[in-house]
Amino acid sequence: MPELPEVETTRRGLAPHVEGRRVAAVVLRRPDLRWPIPPDIAERLPGQRIDAVRRRAKYLLLDTAAGSALLHLGMSGSLRVLPAGAPVRPHDHFDIALAAPGRGGGRVLRFNDPRRFGCLLWQPAGETHPLLRGLGPEPLDDGFGGTAPGGTTFDGDYLFARSRGRRAPVKTFLMDQRTVVGVGNIYAAEALFAAGISPLRAAGKVSRERYRLLADAVRRILGQAIDRGGTTLRDFLAPDGAPGYFVQELSAYGRGGAPCPNCGRPLKQAQVGQRATVWCGHCQR
DNA sequence: CCAGTCCCCTGGCCGC
DNA sequence: TGCGGCCAGGGGACTG
């Protein structure tokens, strides 16, 4: 469930505690995440100063002079800033301990992920990790500036041009991180609902005008979700432990059978591209 | 290149 | 109460 708003919420919560600090130690408790944590990260990171916390797509990057720690929250991951010595709980897979700036105890950046779909990888300075290659444009203006390497801008014209000839459902197209990054199952459902587009429609059959509505909806909804601290369904917490409140504003996601907020008819639910999908058969065409 | 399927993993929930 | 079965989902790997 961490999609772009949850990752951005995490980034913003982390940054003030982490930027400018040096790494005191890395503790790996369970290195077998989505990919094994490279053991040498525990030697590369300590002593480095974290210059910035950035986000690209749903990845977080902790930048140091030597390279960047690359983190993904997977589906159930969260990162918290805790006092050094805070009790370790189940599924706390690794810590990045931060040196105390002056007097007072240090803090620890602690990664918890019950399902272990997240990852911690290393990107050497000056390189782009293979996982970050081929990602589409950022939908918002922050982060990497709304463009992908190559300068594509996310807007309706871009979606229209890229979707020509595609027979896959528009929802699948929208969730493909090569199309645009950061949109997962929750926000795809919400954006399509807001734009009045059926998730089942072939991507190549959606008009330019409706793609403009969709691009606007994606940006608006992601922005609103960030303002609410993301969506907490089960696992997601911001680094200070706060849940996200966007769940109260969901119109479609998770509401199959419930009345459409627009017309009151029951929302439909089906599998689209292996994902639970909810939409209004009346308002979305 | 594109579309579709499978799989990684665990907690929560449902039904018996 | 216990347990089996199913579901959730990001996204890479693989197949056709």
Side-chain angles (χ1 to χ4, degrees), chain A residues 1-11 29-37 55-61 70-79 89-94 111-121 123 128-136 138-139 148 159 161-192 199-206 218 222 225 230-237 243-244 246-247 250 252-257 269-278:
Chain A
M1 324 197 210
E3 302 182 28
L4 189 151
E6 292 73 39
V7 180
E8 180 62 21
T9 296
T10 299
R11 190 196 70 75
R29 295 190 193 84
R30 255 210 97 144
D32 53 330
L33 305 183
R34 175 70 162 86
W35 293 282
I37 299 175
R55 179 188 59 75
R56 170 71 174 119
K58 299 174 191 172
Y59 294 90
L60 287 170
L61 295 99
L70 182 64
L71 295 97
H72 197 292
L73 301 176
M75 298 182 36
S76 57
S78 58
L79 275 168
R89 303 166 81 161
H91 314 299
D92 283 343
H93 302 314
F94 68 81
F111 178 78
N112 182 284
D113 183 11
R115 289 175 227 182
R116 287 192 282 123
F117 279 21
C119 66
L120 170 60
L121 298 169
Q123 173 178 275
T128 299
H129 195 279
L131 291 170
L132 301 186
R133 294 177 198 154
L135 290 172
E138 291 284 335
L159 288 176
R162 192 176 163 89
S163 61
R164 290 312 89 184
R166 299 289 195 91
R167 283 164 299 172
V170 61
K171 176 163 178 269
T172 305
F173 171 71
L174 184 62
M175 288 175 63
D176 187 333
Q177 302 299 295
R178 293 168 297 187
T179 304
V180 59
V181 300
V183 181
N185 205 32
I186 297 171
Y187 299 108
E190 295 303 302
L192 288 164
L200 308 174
R201 180 169 295 274
K205 299 279 188 182
V206 176
V218 166
L222 293 178
T231 299
T232 296
L233 296 176
R234 185 172 302 150
D235 304 292
F236 175 72
L237 296 175
F246 193 72
V247 64
L250 296 177
Y253 178 86
R255 299 192 64 247
Q269 176 157 349
Q271 295 284 115
V272 177
Q274 316 283 77
R275 291 287 186 269
T277 300
V278 178

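Numbered from 1 within each chain, the chains take letters A, B, ... in sequence-line order. Values in this document were obtained by computation on a predicted structure and should not be read as measured data.
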Separation of atom [atom1] in [X] from atom [atom2] in [N], rounded to whole Å:
X: A/Q271; N: C/dC7; atom1: CD; atom2: C1'; result: 9 Å
X: A/Y187; N: C/dG10; atom1: OH; atom2: P; result: 11 Å
X: A/Q274; N: C/dA13; atom1: CD; atom2: P; result: 18 Å
X: A/W35; N: B/dC7; atom1: CH2; atom2: P; result: 18 Å
X: A/L121; N: C/dG10; atom1: CG; atom2: P; result: 18 Å
X: A/D113; N: C/dG11; atom1: CG; atom2: C1'; result: 14 Å
X: A/L132; N: C/dG10; atom1: CG; atom2: P; result: 18 Å

From [options], pick the nucleotide closest to the side chain of [X]?
X: A/R30; options: B/dT10, B/dT5, C/dG10; value: B/dT10
X: A/Y59; options: C/dG10, C/dG11, C/dA8; value: C/dG11
X: A/R115; options: B/dT5, B/dC9, B/dG11; value: B/dC9
X: A/L131; options: B/dG4, C/dA8, C/dG12; value: C/dG12
X: A/R275; options: C/dG10, C/dA8, B/dG4; value: C/dG10

*For the residue pair A/L33 and A/R30, what are the closest heavy atoms and their distance?*
CD2-O, 3.6 Å
*Residue pair A/P199 / A/P169: nearest heavy atoms and the distance that separates them*: O-CB, 3.3 Å
*Between A/T231 and A/Y253, does any side-chain donor sit less than 3.5 Å from a side-chain acceptor?*
no
_A/D113 versus A/S76, side-chain donor and acceptor atoms under 3.5 Å_ = yes
Taking only the side-chain nitrogens and oxygens of [X], find out if one of them lies under 4.0 Å from OP1 or OP2 of [N].
X: A/R166; N: B/dA3; value: yes
X: A/H91; N: B/dC9; value: no
X: A/R116; N: B/dT10; value: yes

*In dot-bracket, 5' to 3', how would DNA chain B read with Watson-Crick or G-U wobble pairs under 3.5 Å, [ ] for crossing ones and | for pairs to another strand?*
.|||||||||||||||
*Scan A/L73 against the nucleic acid and name what it touches under 4.0 Å (heavy atoms): base, sugar-phosphate only, or nothing.*
nothing
*Please assess A/L174 against A/V218 for the test side chain to side chain contact (heavy atoms under 4.5 Å, CB included), listing each intermediate value before the final yes or no.*
CA-CA 10 Å; A/L174 184 62; A/V218 166; 4.1 Å; yes
_Derivation of the side chain to side chain contact (heavy atoms under 4.5 Å, CB included) call for A/L120 and A/F111_ = CA-CA 9 Å; A/L120 170 60; A/F111 178 78; over 6 Å; no
_I'd like to know whether CZ of A/R164 has more than 12 heavy-atom contacts from other residues, nucleotides or ligands below 6.0 angstrom._
yes
*Atom CZ of A/R167: over 12 foreign heavy atoms under 6.0 Å*: no
*With A/N185, the side chain to side chain donor-acceptor pair (under 3.5 Å) member among A/R275, A/K171, A/E3*: A/K171
_Nucleic acid contacts - residues 170-180 of chain A versus DNA chain B, non-hydrogen atoms under 4.0 Å_ = none
